[in-house]
Chemist: 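Dropping a structure here in structure tokens format, bear with me for questions.
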Amino acid sequence: MSHVVITLPDGAKKEYPIGVTPMEVAMSISEGLARNVLSAKLNDVVVDASTAITKDVSLQLLTWKDDEGKQTYWHSSAHLLAEALETLYPGIKLAIGPPIQNGFYYDIDFGDHKFSADDFEAVEKKMIELAKNNSVFERKEVSKADAISYFTEKGDPYKLELIQDLADGSITFYTQGNFTDLCRGPHIPHTGHIKSIKLLNTAGAYWRGDEKNKQLTRIYGITFPKKAELDEYLMMLEEAKKRDHRKLGKELEIYTFDDDVGPGLPLWLPNGGTIIELLETYAKKVEKEAGYFRVKTPHIARESMYIKSGHLPYYKESMFPPMEIDGVNYYLKAMNCPHHHKIFAATPKSYRDLPIRLAEYGTCYRYEQSGELFGLMRVRSLQMNDAHIYCTEEQFEREFQGVNALYLKHFEKFGIDKYVMRFSKHDPAKLGKKYIDMPELWVKTEAMVRRVLDKMGVNYIEVEDEAAFYGPKIDIQVWSAIGREFTLATNQVDFAQAERFDLYFTNENNERERPIIIHRAPLSTHERFVGFLLEHYAGNFPVWLAPKQVIVLPISDKYADYAEEVGNLLKKSDIRASVDHRAEKAGKKIRDAEVAKIPYMVIVGEKEQASGNVSVRMHGGTDLGTMELQQFAEKILNEARI
RNA sequence: GCCGAUGUAGCUCAGGGGUAGAGCGUUUCCUUGGUAAGGAAAAGGUCAGGGGUUCAAUUCCCCUCAUUGGCUCCA
């Protein structure tokens, strides 16, 4: 057979001589396409555009428009960065340099040289210079012995360590210009594609992600085929910064930190306090409808409870050190579950009582590592939208489904559509170590969880080895404005703690039976959720959540009394309104109200006073014209319904 | 916890070996102005804290604390 049949994405089948490369196929289609080809996909495997095709395949040519094309591009950019660094700083040791979602990085051991952001410009310049050589990325298969001898001679311990783990016959080198790297590929045809380069930041990163290993210097960068795209990207980063909850939280006076209070211990300012209260009102309403009971528990407990729960031996590191009272150690609670279990156990339970759903916006304290603290998203004192459901095995699926329904309801209420549902499972190899040693129960509950998810038709991904120690869980992942990933909400199955706390109910046969427990926190913690909402809404809270809903702006102090009257009437209707009595012009008052992101401005002057009406302007500039005060109040109340 | 950066007025930031500056905000006065900034004056800082070098430190060096970009961690 001297020909291969290549199927293109549009379904067209074409015959080419055996050994044809994706680049040659591109040439046969159009020269312009060939110029833009970065790599290719052969039956779902991404390869160099210069790969010889030896059998019938489906082929997709990858360009900058494809995510996989971008990944190839950035991977090659990482090699270009390494080449530039090696030229400028001879003797450095290279570790790894992969593409990431936006750009790429390379981990480098600079030895004694201190590399900093001040050096970026010189490196970028060198990269541009090298890119202009249009150096071809050449792939070469090498034997393990040859690979070892190459990097031994070069003196690169990191590459040698990587090679140790590779099988002979699977090792490839890529060379562009004077630079050769151990690499699986694929790469773009030549460096000339890389036109616009920006190094973004440096960071410390442990070799192989292990904190016991040496810390290397990681350099992050991004590249584009066109300068306009780089500019656009940098602009986008700037825009994202404006949405950062830390910036908005300060500007809108939501929360603050104080050195005397301590790191990771947020103080909620009145605006933040209002938002929290509204969130709680909403949660309590929804949970009441869903059959939850509210409970209250103390912030501390004796050591013995956390030994019983299993938290202490495993999670001591994450708890504040104990305080000794009357010769006994007490801990600040890092979670509410043990307290709730004690409430379940306080009175005897019949199967007729189940399911029992205990809810509490409980305040917890976690000793997060200092380097982990991040605005409101990662703190040391937190209030969870917590609840524990105790149910029978037969009730489990229904209850679990009910919890998921609650999640979806919340997402709709807050307009959350960008999230990933992660179904975290155990790793059977770690039973008895990371996970409680009850293999059948793991299999059974994971199957139940999957069944519920499938039945509800929600989108989710399954991940191994990320379950809680007492059972599988579902996490909702979201991203902060600056792209950091967070678990917003969590929903966990627990078949272990009932045993540890000797929780039981009496079943129909008058026997003792263990309940299954569901831990759930769909609205996350106040801290993380408000942080998330600040970014989600870019500070423009919907009317029902806005700390200030209406501001009344008298045109001059001649109308101060009328403005006061309007403000008082609104306040009496339970609307969060205030009056701006400053001796400023209307334009100034409007501007300040706009900056404060207050949803409605009510402007009152001569006309309004004479007619007893109000003029309404929405945040953003929409003029709603003049209306009766009562009509306006009803409109707000209607929009603000929780 | 680790590597790097940063810390100057309430906020955003400039400055720099000879004990500090702007804009916004605040207060007071003038102005009574109709949909994104009217004018003037004043108050406000142990230049994060501690130690060192120096005739002299906010500036240079060291330590601590905090913030921050990442890494590790995240019940």
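Atom set for the values below is all heavy atoms of this structure, side chains included, hydrogens, waters and symmetry mates excluded. Below, read A as the first sequence line, B as the second, and so on, with proteins coming before strands; counting in each chain starts at 1.
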Chemist: Below 3.5 Å, does any donor atom in the side chain of A:Glu368 face an acceptor in the base of B:G1, or the other way round?
Modeler: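 No such pair is found, so the answer is no.
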
Chemist: Would you classify A:Glu253 as touching base, sugar-phosphate or nothing, given that sugar-phosphate means primed atoms plus P, OP1 and OP2, and contacts are heavy atoms under 4.0 Å?
Modeler: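 The residue A:Glu253 makes no contact with any strand.
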
Chemist: Between A:Phe486 and A:Phe374, what is the ring plane arrangement, given parallel below 30°, perpendicular above 60°, and tilted in between?
Modeler: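 If you compare the ring of A:Phe486 with that of A:Phe374, the planes turn out parallel.
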
Chemist: Determine the interatomic distance between P on B:C11 and the same-named atom on B:G45; round to the nearest Å.
Modeler: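 Those two atoms are separated by 13 Å.
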
Chemist: Looking at B:G33, B:G1, B:U32, which one has an atom nearest to any side-chain atom of A:Asp557?
Modeler: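 Closest nucleotide among those given: B:U32.
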
Chemist: Which is true for A:Gly375 with a 4.0 Å heavy-atom rule: it touches a base, it touches only sugar-phosphate, or it touches nothing?
Modeler: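 It contacts sugar-phosphate atoms only.
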
Chemist: Which nucleotide, B:A75, B:U26, B:G34, lies nearest any side-chain atom of A:Ser318?
Modeler: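 Taking heavy atoms from C-beta onward, the closest nucleotide is B:A75.
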
Chemist: Between B:U68 and B:A42, how many Å separate the two P atoms, rounded to a whole number?
Modeler: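 Rounded to whole Å, the distance is 37 Å.
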
Chemist: Nearest of B:U72, B:G38, B:G34 to any side-chain atom of A:Ala586?
Modeler: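 Looking only at side-chain atoms, A:Ala586 lies closest to B:G34.
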
Chemist: Are any side-chain N or O atoms of A:Tyr233 and backbone N or O atoms of A:Thr223, one a donor and one an acceptor, separated by less than 3.5 Å?
Modeler: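 Not a single qualifying donor-acceptor pair exists.
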
Chemist: Show your working on side-chain hydrogen bond (donor to acceptor under 3.5 Å, both in side chains) between A:His311 and A:Tyr331 and close with a plain yes or no.
Modeler: CA-CA 11 Å; A:His311 284 106; A:Tyr331 281 86; over 6 Å; no

Chemist: Should B:A36 form a Watson-Crick or G-U wobble pair with both distances under 3.5 Å, which nucleotide is its partner?
Modeler: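 Per the H-bond distance test, none.
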
Chemist: Which part of the nucleic acid does A:Arg617 contact within heavy-atom distance under 4.0 Å: base, sugar-phosphate only, or nothing?
Modeler: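 Since a base atom lies under 4.0 Å of A:Arg617, the category is base.
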
Chemist: So A:Glu251, base contact, sugar-phosphate only, or nothing? Heavy-atom distance under 4.0 Å.
Modeler: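 If one applies the 4.0 Å heavy-atom cut-off, A:Glu251 turns out to touch nothing in the nucleic acid.
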
Chemist: Less than 4.0 angstrom between a side-chain N/O of A:Lys588 and OP1 or OP2 of B:G25, yes or no?
Modeler: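 Yes, within the criterion.
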
Chemist: Counting the atoms with a prime plus P, OP1 and OP2 as sugar-phosphate, which does A:Tyr559 contact under 4.0 Å by heavy atoms, base, sugar-phosphate, or nothing?
Modeler: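 No contact.
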
Chemist: Is there a donor on the side chain of A:Tyr206 or the base of B:G1 sitting less than 3.5 Å from an acceptor on the other?
Modeler: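 Looking at the base of B:G1, it does pair with a donor or acceptor on the side chain of A:Tyr206 (distance under 3.5 Å).
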
Chemist: If you look at every strand shown and take non-hydrogen atoms under 4.0 Å, does A:Tyr220 touch a base, only sugar-phosphate, or nothing?
Modeler: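 Result for A:Tyr220 = sugar-phosphate.
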
Chemist: Which nucleotide in the list B:G70, B:C73, B:A75 gets nearest to the side chain of A:Gln369?
Modeler: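 Per side-chain heavy atoms of A:Gln369, the pick is B:C73.
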
Chemist: In whole angstrom, what separates A:Ile518's CD1 from B:A75's P?
Modeler: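 Computing the A:Ile518:CD1 to B:A75:P distance gives 19 Å.
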
Chemist: Take A:Lys250 and A:Arg528, find for each the nucleotide of RNA chain B with the closest heavy atom, and name the residue whose nucleotide sits nearer the 5' end.
Modeler: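 Comparing both residues, the 5'-ward one is A:Lys250.
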
Chemist: Quantified in whole Å, what is the C1' atom distance between nucleotide B:U58 and nucleotide B:U6?
Modeler: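 16 Å, rounded to whole Å.
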
Chemist: Please give, in whole Å, the distance from B:U64 P to A:Asp260 CG?
Modeler: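 Whole-Å distance recorded here is 20 Å.
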
Chemist: Would you please classify the geometry between the A:His519 ring and the A:His341 ring as parallel, tilted or perpendicular, with 30° and 60° separating the classes?
Modeler: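 If you compare the ring of A:His341 with that of A:His519, the planes turn out perpendicular.
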
Chemist: Would you indicate whether A:Glu639, at its atom CD, is surrounded by more than 12 heavy atoms from other residues, nucleotides or ligands within a distance under 6.0 Å?
Modeler: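 Yes, CD of A:Glu639 has more than 12 neighbouring heavy atoms, counting only those of other groups under 6.0 Å.
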
Chemist: Give A:Ala203 one of three labels, base, sugar-phosphate or nothing, depending on what nucleic acid heavy atoms sit under 4.0 Å from its own.
Modeler: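 Here A:Ala203 touches the bases of the nucleic acid.
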
Chemist: Using a heavy-atom cut-off of under 4.0 Å over every strand shown, decide if A:Ala334 touches base, sugar-phosphate, or nothing.
Modeler: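 Base contact.
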
Chemist: Please determine, for B:C2, whether a Watson-Crick or G-U wobble partner exists with both distances under 3.5 Å, and give it or none.
Modeler: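 By the stated definition (distances under 3.5 Å), B:G70 pairs with B:C2.
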
Chemist: Using the rule side chain to side chain donor-acceptor pair (under 3.5 Å), only one of A:Lys425, A:Arg422, A:Lys473 pairs with A:Glu466; which is it?
Modeler: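 That would be A:Arg422; it is the only one of A:Lys425, A:Arg422, A:Lys473 passing the side chain to side chain donor-acceptor pair (under 3.5 Å) with A:Glu466.
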
Chemist: Assert yes or no for the condition that the ring centre distance of A:Phe495 to A:Trp442 is strictly below 6.0 Å.
Modeler: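 Ring centroids of A:Phe495 and A:Trp442 are less than 6.0 Å from each other.
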
Chemist: CZ of A:Phe120 versus C1' of B:A5: gap in Å, rounded?
Modeler: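 The distance from CZ of A:Phe120 to C1' of B:A5 comes to 11 Å, rounded to the nearest Å.
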
Chemist: Just to confirm, is there a sub-4.0 Å distance from OP1 or OP2 of B:U32 to any side-chain nitrogen or oxygen of A:Lys585?
Modeler: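 So the side chain of A:Lys585 is outside the cut-off, no N or O lying under 4.0 Å from OP1 or OP2 of B:U32.
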
Chemist: Of the nucleotides B:A75, B:U26, B:C71, which has the atom closest to the A:Arg582 side chain?
Modeler: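 For the A:Arg582 side chain, the nearest candidate turns out to be B:U26.
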
Chemist: Which one is paired to B:G21, where only Watson-Crick or G-U wobble pairs with both distances under 3.5 angstrom count?
Modeler: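 Here B:G21 is engaged in a pair, and the nucleotide opposite it is B:C13.
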
Chemist: Return the pairing partner of B:U58 with a 3.5 Å limit on both distances, Watson-Crick or G-U wobble; otherwise return none.
Modeler: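 By the stated definition (distances under 3.5 Å), nothing pairs with B:U58.
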
Chemist: With the side chain of A:Asp259 defined as its heavy atoms from C-beta on, choose the nearest nucleotide among B:A75, B:A66, B:G38.
Modeler: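 Selected nucleotide: B:A66.
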
Chemist: When the nearest nucleotide of RNA chain B is assigned to A:Asn201 and to A:Glu606 on a heavy-atom basis, which residue is associated with the more 5' position?
Modeler: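 The residue closer to the strand's 5' end, by nearest nucleotide, is A:Glu606.
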
Chemist: Under 4.0 Å from OP1 or OP2 of B:U68: is there any side-chain N or O of A:Arg246 that close?
Modeler: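 Indeed, a polar side-chain atom of A:Arg246 lies that close.
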
Chemist: Roughly, in whole Å, what's the span from CH2 in A:Trp207 to C1' in B:U72?
Modeler: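 Result: 16 Å.
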
Chemist: I want to verify a distance call: between B:A36, B:U32, B:G4, whose nearest atom is closest to the A:Val595 side chain?
Modeler: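 Among B:A36, B:U32, B:G4, the one nearest the side chain of A:Val595 is B:A36.
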
Chemist: Return the pairing partner of B:U53 with a 3.5 Å limit on both distances, Watson-Crick or G-U wobble; otherwise return none.
Modeler: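 B:U53 is paired with nothing.
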
Chemist: Centres of the A:Phe632 and A:Tyr600 rings: under 6.0 Å?
Modeler: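 A:Phe632 vs A:Tyr600: aromatic centres under 6.0 Å.
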
Chemist: Please state how far atom CZ in A:Phe115 lies from atom P in B:C3, giving the value in whole angstrom units.
Modeler: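 In whole Å, B:C3 P and A:Phe115 CZ are 19 Å from each other.
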
Chemist: In whole Å, I'd like the distance from the NZ atom of A:Lys212 to the P atom of B:C73.
Modeler: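 Computing the A:Lys212:NZ to B:C73:P distance gives 10 Å.
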
Chemist: State which of B:U35, B:A75, B:G1 makes the closest approach to the side chain of A:Ala468.
Modeler: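 Taking heavy atoms from C-beta onward, the closest nucleotide is B:A75.
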
Chemist: What's the gap between B:C60 and B:U8 when it is taken at their P atoms, as a whole Å value?
Modeler: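 14 Å, rounded to whole Å.
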
Chemist: Touch check for A:Gly587, heavy atoms < 4.0 angstrom, all strands: base, sugar-phosphate only, or nothing?
Modeler: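 Here A:Gly587 touches the backbone only, sparing every base.
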
Chemist: For a quick check of understanding: with a heavy-atom distance under 4.0 Å over all strands, which category does A:Ala117 fall into, base, sugar-phosphate or nothing?
Modeler: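 Nothing, no nucleic acid heavy atom in range.
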
Chemist: What distance, rounded to whole Å, do you find between the two P atoms, one in B:C71 and one in B:U64?
Modeler: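 Here B:C71 and B:U64 have their P atoms 24 Å from each other.
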
Chemist: Could you work out the separation of B:A22 and B:A40 based on their P atoms and round it to a whole Å?
Modeler: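 Between the two P atoms, the distance is 14 Å.
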
Chemist: A quick test of your reading: do over 12 heavy atoms of other residues, nucleotides or ligands sit less than 6.0 Å from CZ of A:Arg582?
Modeler: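 Yes, enclosed.
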
Chemist: Which value, in whole Å, describes the distance between the C1' atoms of nucleotides B:C65 and B:G50?
Modeler: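 The same atom, C1', in both gives a distance of 10 Å.
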
Chemist: Students often mix this up, so state it plainly: with edges at 30° and 60°, are the rings of A:Tyr435 and A:His426 parallel, tilted or perpendicular?
Modeler: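 It falls in the perpendicular class, over 60°.
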
Chemist: Under 3.5 Å, is there any donor-acceptor pair linking the side chain of A:Gln215 to the base of B:C2?
Modeler: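 Under the 3.5 Å cut-off, the side chain and the base do form a donor-acceptor pair.
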
Chemist: Is a donor-acceptor contact shorter than 3.5 angstrom present between the side chain of A:Arg378 and the base of B:C73?
Modeler: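 Checked by distance alone, the answer is yes.
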
Chemist: Applying a 4.0 Å non-hydrogen cut-off, can you work out what A:Thr490 is touching in the nucleic acid: base, sugar-phosphate, or nothing?
Modeler: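 The answer is nothing, as A:Thr490 stays clear of every strand by at least 4.0 Å.
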
Chemist: Using only heavy-atom distances, decide whether a donor-acceptor pair under 3.5 angstrom links the side-chain of A:Asp623 to the base of B:U35.
Modeler: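 Donor-acceptor pair under 3.5 Å: no.
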
Chemist: What is the base-pairing partner of B:U46, counting Watson-Crick and G-U wobble geometry with both distances under 3.5 Å?
Modeler: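 Per the H-bond distance test, none.
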
Chemist: Give none if B:G7 has no partner; otherwise give the nucleotide forming a Watson-Crick or G-U wobble pair with it, both distances under 3.5 Å.
Modeler: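 Base-paired to B:C65.
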
Chemist: Using a 4.0 Å heavy-atom cut-off across all strands, classify A:Gly209 as base, sugar-phosphate, or nothing.
Modeler: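 Answer is sugar-phosphate: A:Gly209 comes under 4.0 Å of backbone atoms only.
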
Chemist: Quote, to the nearest angstrom, the C1' distance that separates B:G17 from B:C74.
Modeler: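 47 Å, rounded to whole Å.
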
Chemist: Which whole-number value in Å describes the distance from A:Arg380 CZ to B:A66 C1'?
Modeler: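 Going from A:Arg380 (CZ) to B:A66 (C1'), I get 11 Å.
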
